[in-house]
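Heads up, the thing below is written out as structure tokens.
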Amino acid sequence: MDFSLNEEQRMLQQSVAKFLGDTYSHETRRKRVREGSDLDGDIWRQFAELGWLALPFAEEDGGLGGTLVESMILHEEFGKALVLEPWLAAVTLSGGLLRLGDATQKKRWLEPLMEGRLQAAVALEEYGTDLSLTDTSVKARPDGSGYRLDGGRDLVLNAGNADILIVPARCEDTGELSLFVVEAGQPGVTVQAHRLVNGQSAGRLLLEDAPVSTESRLAREATAPLAAVMNEALLAMGAQALGAMSALLEQTLEYTKNRKQFGTPLSGFQALQHRMVDMFIACEQYRSLLLAATLKTNEGHEDAARAVHALKARIGQSGRHLAHEAIQLHGAMGMTDEMPAGHYLKHLVALDLLFGNSDQHMAELVADETITI
Amino acid sequence: MDFSLNEEQRMLQQSVAKFLGDTYSHETRRKRVREGSDLDGDIWRQFAELGWLALPFAEEDGGLGGTLVESMILHEEFGKALVLEPWLAAVTLSGGLLRLGDATQKKRWLEPLMEGRLQAAVALEEYGTDLSLTDTSVKARPDGSGYRLDGGRDLVLNAGNADILIVPARCEDTGELSLFVVEAGQPGVTVQAHRLVNGQSAGRLLLEDAPVSTESRLAREATAPLAAVMNEALLAMGAQALGAMSALLEQTLEYTKNRKQFGTPLSGFQALQHRMVDMFIACEQYRSLLLAATLKTNEGHEDAARAVHALKARIGQSGRHLAHEAIQLHGAMGMTDEMPAGHYLKHLVALDLLFGNSDQHMAELVADETITI
Amino acid sequence: MDLGIDDEVIAFREEVRSFLRENLTPEIQEAGRRTTSVFAPPGQAMEWQRILHRKGWAAPHWPEEYGGTGWSVTKRAIFAEELVRAEAPPLIPMGLMMCGPCLIGYGTPEQKAQYLPRILSGEDFWCQGYSEPGAGSDLASLKTFAESDGDDYIVNGTKIWTTYAHHANRMFALVRTRRDGKPQQGISFLLIDMDSPGITVEPIVGLDEVPEQCQVFFDNVRVPKANRVGEENDGWSVAKYLLMFERGGSEYAPALRVQLERLKKLAAERERNAQDQQARAFFRQKIADCEIEVLALEFTENRIKSELESGGNPGALTSMTKILGTELQQRIAQLTVEGLGIESLVWQPQAIVPASEEQPLAPEHSLVAMASYLNSRACSIYGGSNEIQRGIIARAVLGL
Amino acid sequence: MDLGIDDEVIAFREEVRSFLRENLTPEIQEAGRRTTSVFAPPGQAMEWQRILHRKGWAAPHWPEEYGGTGWSVTKRAIFAEELVRAEAPPLIPMGLMMCGPCLIGYGTPEQKAQYLPRILSGEDFWCQGYSEPGAGSDLASLKTFAESDGDDYIVNGTKIWTTYAHHANRMFALVRTRRDGKPQQGISFLLIDMDSPGITVEPIVGLDEVPEQCQVFFDNVRVPKANRVGEENDGWSVAKYLLMFERGGSEYAPALRVQLERLKKLAAERERNAQDQQARAFFRQKIADCEIEVLALEFTENRIKSELESGGNPGALTSMTKILGTELQQRIAQLTVEGLGIESLVWQPQAIVPASEEQPLAPEHSLVAMASYLNSRACSIYGGSNEIQRGIIARAVLGL
């Protein structure tokens with residue numbers, strides 16, 4: 001059992017922290033959020049130049065062969081800095097699925113993605129239903145050698161920026177759940193983009209008789225790979241949440257040590273001290289959960305998926321706890337756009353609601369109690 | 001809207017409080033608990049002489065026609081003093097069902113019960129199943145003009161003291177759920193009595209071919225009256241819980257004001273102060289809930305049963321909260337038999353588990369959400 | 001002991017409903033639906049106040065001689081509940097709930113005659129100048145100073161968290177009028193014309209990106225001494241009187257009850273598409289838990305009112321309803337977001353400004369839900385933070 | 001970063017299991033099942049210790065030179081988990097976990113030679129004399145005094161919450177040896193023979209009606225100075241060293257994990273008869289919630305051990321595992337009672353005393369569950385209350 005970072009991992013952590021320290025001041029970020037700029041081309045190019053975009057991919061695909069531990073390091077820092085760029089949609093989800101393609105497809109999409117030249121999105125959610133990786137209203141109707149896609153999906157992360165969108169669709173001929181790649185702007189594809197509460201963006205995808213060729217089919221039966229990629233996404237979100245929580249705790253400690261009331265620093269009040277201790281405990285327990293879920297998944301343990309559900313459930317529970325307490329302890333200042341606390345809350349709420357909220361992941365745990373994590 | 005007690009109610013409250021103040025010192029009670037004496041004949045006789053045993057019954061039945069408000073007053077004091085006598089089983093439940101009888105039956109059982117000469121019990125629960133007023137393993141097999149009873153019930157409150165036991169049984173001929181009265185010691189009736197964690201007693205009732213005549217049948221179809229009497233019992237338990245909770249709060253305030261640590265009274269520590277405030281809030285909210293459930297039931301509002309479920313759910317939740325905090329704030333002293341705190345916990349736990357625990361009453365609320373209380 | 005629900009009460013509810021059907025316009029109703037904090041959109045809220053005022057219903061809690069309605073406690077609760085149910089925007093409280101009562105208690109006859117009718121009618125729009133940077137819940141450390149200068153004061157300093165200062169034409173403020181002595185004793189209560197030279201207002205952007213709070217700067221602002229309410233250096237008594245008065249006025253349960261009913265309706269609609277029975281059970285449990293607390297709070301508030309009506313003093317119990325009411329508001333706001341799910345992540349604060357022309361990309365209630373949730377975090381901070389309220393209960397009720 | 005689960009570890013688990021199959025007698029196992037607090041029934045626990053000692057496994061956490069096993073952190077966790085799973089009673093900690101480490105750190109060679117082997121073998125039964133009436137978590141205010149008298153001390157005073165003092169033949173105690181100076185500096189650490197004249201032991205009845213704690217009175221009790229551990233007036237350092245040592249020793253997760261598995265099994269059995277799907281969902285949610293916390297605690301404890309093994313100092317993080325471990329123990333104990341329902345109300349404390357002849361009127365696990373639940377309330381009080389632990393974290397970790 002070893003929980004220490006190796007030399008390369010420590011360097012990665014330092015370089016991510018340094019880069020974000022330089023590019024992601026709270027003021028710059030606030031300005032970008034107001035302007036609706038969730039993707040800064042320069043930053044994305046630097047992601048590519050620093051090699052980070054290639055990090056999670058296998059060496060035979062031209063990647064750097066990073067493990068889930070490297071991903072955890074990166075996303076914890078992303079969460080601290082509240083990075084707006086659509087990494088989750090473009091790299092973790094889209095990149096994760098593009099790995100399924102054949103050599104031609106990888107060359108066409110994965111390579112430019114790793115080089116920062118291609119933006120991508122995956123259409124996963126629909127309003128008014130629980131997240132399901134197998135149910136979809138998108139149908140693929142056979143049409144000659146290819147298919148025609150019909151249906152719609154909501155809240156497709158990064159849809160407005162994406163050059164390509166990956167769409168799971170139920171094939172009417174075989175009943176398989178296949179993955180198709182459609183291009184933004186191709187016939188039959190409409191995207192209605194909008195901001196999200198956390199400053200990132202998403203969009204509604206409408207498919208009306210959209211033609212896709214068999215070369216655009218990434219996978220014939222995608223249920224298992226979708227679940228695997230979703231687990232990686234949940235781990236990345238989990239690491240972002242830890243970054244946000246630990247920043248909230250740190251900033252609250254800092255604020256209460258400096259802010260005086262009735263002649264004493266707020267941090268001197270015992271009732272507030274004990275609440276900050278509870279924030280600390282929640283944050284440390286959450287950190288342990290992230291380690292558990294990441295390492296179990298990385299090493300392929302049989303209870304890995306269960307640990308990921310546990311982690312995702314706690315994003316909502318511990319995340320809100322930390323953010324609510326941080327705002328409360330900041331007093332009225334905590335309610336201003338000027339202080340970071342509210343921005344962390346917004347991101348944590350988004351991380352909670354996306355891809356199944358706390359209740360839904362708790363329900364997954366309850367559904368199968370034969371395993372104990 | 002009026003929440004004040006009238007003159008008679010105030011007098012009742014004072015006389016109950018005075019009587020219990022005289023007879024129920026913590027030391028006397030501890031001694032009785034150790035000796036397994038849950039029913040003191042003298043005290044029960046005085047209950048009768050003071051007229052309390054007749055209080056809940058209609059004047060035409062020889063009772064005093066008290067309402068649920070008088071019952072609430074009485075049981076709140078019972079809860080404060082942790083009265084051991086089996087009022088709930090004998091008066092609320094048994095008495096409540098004996099009201100259903102004809103004139104002869106009332107003369108035979110209800111009259112001596114009001115006079116303190118008869119102890120009774122109702123067989124309601126079975127291990128390993130949720131409480132159900134309609135499901136029972138006890139069968140009534142027609143036998144000439146009467147029936148023969150077979151089956152068993154568990155944790156029959158007051159079973160060891162009872163002269164008669166009221167048994168809901170499913171009639172094999174009509175399918176009705178009838179109420180039969182059996183006598184302790186009659187052929188086919190066995191009671192195995194035991195103590196309960198709160199110092200009261202109960203027993204397992206075994207019926208083997210026990211003969212009952214039609215004169216022993218209190219009601220042919222008892223589903224509705226059972227539910228009504230159960231609501232009254234839940235309200236009585238709810239009032240006892242309030243008495244226990246308010247005593248816990250009061251004693252904790254007292255203790256922390258007097259006990260010093262690090263040179264300061266415990267009550268001077270802000271973190272503990274805020275926790276006692278939360279105890280106070282829980283106790284006052286619970287008091288409001290008791291008023292709501294009692295008055296709504298008393299006045300026959302359509303949402304009355306829902307309010308009773310809410311009350312019962314909170315016995316477990318708020319009751320444990322108060323008791324756990326009280327013990328914690330008493331420190332090691334709170335874990336001793338010598339201090340009352342633990343005895344209140346034991347009674348509150350019993351009140352929670354009997355007749356459906358918090359989860360089960362929450363489930364009743366969730367099952368029908370068309371009404372809002 | 002009884003609940004006292006009789007025919008008169010039932011008839012009154014019908015009267016209120018029928019008034020609302022006839023007078024609450026769709027535009028005002030829209031503003032009600034789009035209210036995401038304690039404070040409704042100012043234009044529509046003031047218009048609604050004028051309509052209520054014509055009926056004599058703008059300030060039910062004021063004494064009848066000044067324009068109150070003389071309703072029983074039960075009727076006032078019904079009125080409050082029906083307004084929320086009809087989606088009427090809440091009235092802006094600074095004049096009706098705060099400044100008005102202070103004037104009723106401490107104003108000179110001239111001040112009452114000049115200001116009370118304009119508060120009722122909505123001609124004046126008031127804001128409250130209490131907090132200062134570095135003095136939130138701790139009012140005794142105020143620094144804004146009013147220097148005596150003949151018949152006037154010259155005010156210098158700054159106020160913060162001043163709701164709608166950018167819409168107001170008047171401010172009631174606590175300012176320091178003496179430099180020595182106990183901190184609480186040198187404070188006076190002034191009425192300040194927001195058009196006075198030397199006043200600058202800077203809106204503060206909140207989590208919902210809509211400015212609601214402001215910082216107000218005073219640079220040698222001249223205020224006539226005739227605009228002082230109460231004695232010089234005795235402003236603390238005026239402010240405390242308001243707290244007393246508020247005790248009968250602010251009730252959380254009626255609005256919470258309506259919000260809860262809406263949440264239950266939302267949950268039922270959602271469930272038709274929800275595959276997961278377990279997740280559904282968890283969600284409904286949280287709603288049921290709120291329902292129990294709202295019922296309890298309703299009766300706690302009833303107990304307080306019943307105590308007040310019989311001449312008793314519920315004292316610091318109102319600190320308890322503040323804690324409970326605000327925490328429940330936060331829980332219900334959060335559950336509403338949870339119930340709506342990812343839909344509520346769509347962020348278009350400008351699309352729900354009343355009469356906005358921006359095309360909403362998600363249903364109105366989803367856009368409103370997230371802003372309401374974010375803003376709900378403020379209610380345990382403002383108006384005496386819940387920590388302050390716990391401290392009051394510890395001292396005043398529990399004697400700790 | 002890795003979990004390091006390899007073949008050696010798997011083989012070790014098999015070795016422990018096979019030892020347990022062969023050596024854990026039904027009588028000792030029964031005592032394990034009937035352990036309702038931190039402290040197992042003393043007779044059977046000491047017998048079990050003797051069996052483990054014969055194998056060399058009585059004190060895995062001691063340094064090897066004194067009889068420890070030299071196992072890795074992972075192996076120690078597996079050992080702990082398998083013991084609980086096999087229903088072995090926990091060993092009485094006062095000698096092995098408390099007094100022993102103090103002697104290892106501060107004892108003279110003579111003290112080590114005299115006492116350590118007898119601690120390991122179980123020949124001596126130790127109790128801990130720290131708390132006094134009026135000085136629970138606040139040890140600096142101890143009053144029991146040891147007056148110097150030639151080569152001896154004469155001890156007067158009283159100790160309270162002394163677990164199993166009525167079974168012990170030795171006590172390690174903190175006593176005051178100086179009346180002036182800073183309160184913490186005048187304390188010494190003494191080993192006291194419980195047979196000494198002048199000692200009286202009074203058992204205290206707990207909520208489970210079984211005496212476990214005692215009050216011990218000292219009336220001119222003579223203790224040789226040779227029985228002092230560490231310097232005179234420096235007992236505080238010895239006690240603190242123990243706290244340091246304990247950090248590596250006490251782990252909550254292994255036992256919690258087993259208790260949780262049993263609770264899940266119980267829930268599954270119960271559900272076969274439970275009509276109500278909603279209530280079932282609520283109950284299982286609470287279990288799942290504990291499961292998440294236990295997993296997190298396991299990894300928090302792993303992080304601490306990994307830090308310790310690489311020479312780091314996890315410091316006050318152990319205050320955090322104390323809080324979490326005890327609170328989880330309480331939650332699981334409560335859920336077990338809830339899961340058993342009314343069955344657990346049957347009260348027969350004497351029927352679950354090991355080898356009792358009283359006929360149980362409910363299944364053994366029901367009788368045990370209620371006593372365990374009641375006793376679980378103590379674990380957030382003893383060993384430095386959880387409030388004290390929060391204070392330590394506030395100061396030492398958060399710098400508040």
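Labels below follow one simple rule: chain letters A, B, ... track the order of the sequence lines, proteins then strands, and each chain is numbered from 1. Side chains are part of it too, since the values below use all heavy atoms of this structure and drop only hydrogens, waters and symmetry mates.
When each of Arg287(A), Gln273(A), Arg314(A) is scored by its heavy-atom pairs under 4.5 Å with chain D, the top score falls to Arg314(A). Comparing Glu293(D), Gln285(D), Glu261(D) by heavy-atom pairs within less than 4.5 Å of chain A, the highest count is held by Glu293(D). Among Asn302(D), Asp6(D), Ile287(D), Ile393(D), the residue making the largest number of heavy-atom pairs under 4.5 Å with chain A is Asn302(D). Chosen from Gln389(D), Glu298(D), Arg284(D), Arg395(D), the residue pairing most often with chain A at heavy-atom distances under 4.5 Å is Arg284(D). Ranked by non-hydrogen atom pairs under 4.5 Å with chain D, the options Ala293(A), Ser288(A), Ala313(A) are led by Ser288(A). Counting heavy-atom pairs closer than 4.5 Å to chain D, the top residue among Glu250(A), Lys296(A), Met276(A), Arg306(A) is Arg306(A). Your options are Ala292(A), Ala310(A), Ser267(A), and the one with the most heavy-atom pairs under 4.5 Å with chain D is Ala292(A). Per-residue counts of heavy-atom pairs under 4.5 Å with chain D were compared for Asp278(A), Thr294(A), Asp359(A), Leu290(A); the largest is that of Asp278(A).
At least one donor-acceptor pair closer than 3.5 Å links the side chain of Arg303(D) to the backbone N or O of Glu284(A).
Side-chain contact check for Ile304(D) versus Phe3(A): every heavy-atom pair is 4.5 Å or farther apart. No side-chain heavy atom of Asn386(D) sits less than 4.5 Å from a side-chain heavy atom of His274(A).
Glu299(A) meets the side chain to side chain contact (heavy atoms under 4.5 Å, CB included) test with Leu295(A), His301(A), Asp2(D), Leu3(D); sequence neighbours excluded.
For the residue pair Gln285(A) and Thr300(D), a side-chain donor N or O sits within less than 3.5 Å of a side-chain acceptor on the partner.
Residue Val397(D) touches chain A through its side chain alone, counting heavy-atom pairs closer than 4.5 Å. The part of Ala367(A) that comes within reach of chain D is its backbone (N, CA, C, O), which places non-hydrogen atoms under 4.5 angstrom from that chain. The parts of Asp289(D) that come within reach of chain A are both its backbone and its side chain, each placing non-hydrogen atoms under 4.5 angstrom from that chain. Contacts of Val366(A) with chain D are made by both backbone and side-chain atoms, with heavy-atom separations under 4.5 Å. Using a 4.5 Å cut-off between heavy atoms, Met279(A) makes no contact with chain D at all.
Shortest non-hydrogen contact noted between Lys257(A) and Leu398(D) is NZ-O, 2.9 Å. In terms of heavy atoms, Ala288(D) sits closest to Met362(A) at CB-CE, 4.0 Å. When all heavy atoms are compared, the tightest approach of Ile323(D) to Ile281(A) is CD1-CD1, 3.9 Å.
Between Leu272(A) atom CG and Leu400(D) atom CG the span is 9.5 Å, to the nearest 0.5 Å.
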Given the rule in the side chain to side chain contact (heavy atoms under 4.5 Å, CB included) test, do Met1(D) and Asp2(A) qualify, once you have shown the distances and angles that lead to the verdict? CA-CA 5 Å; Met1(D) 230 185 231; Asp2(A) 175 16; 5.9 Å; no
Hey, mind stepping through Phe280(A) and Leu317(D) against side chain to side chain contact (heavy atoms under 4.5 Å, CB included) and telling me if it holds? CA-CA 10 Å; Phe280(A) 167 76; Leu317(D) 270 185; 3.8 Å; yes
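Sparse packing is recorded around CG of Asp7(D), with 12 or fewer heavy atoms of other residues, nucleotides or ligands lying under 6.0 Å away. Counted within 6.0 Å of CD on Glu8(A), heavy atoms from surrounding residues, nucleotides or ligands total 12 or fewer; the atom is thus considered open.
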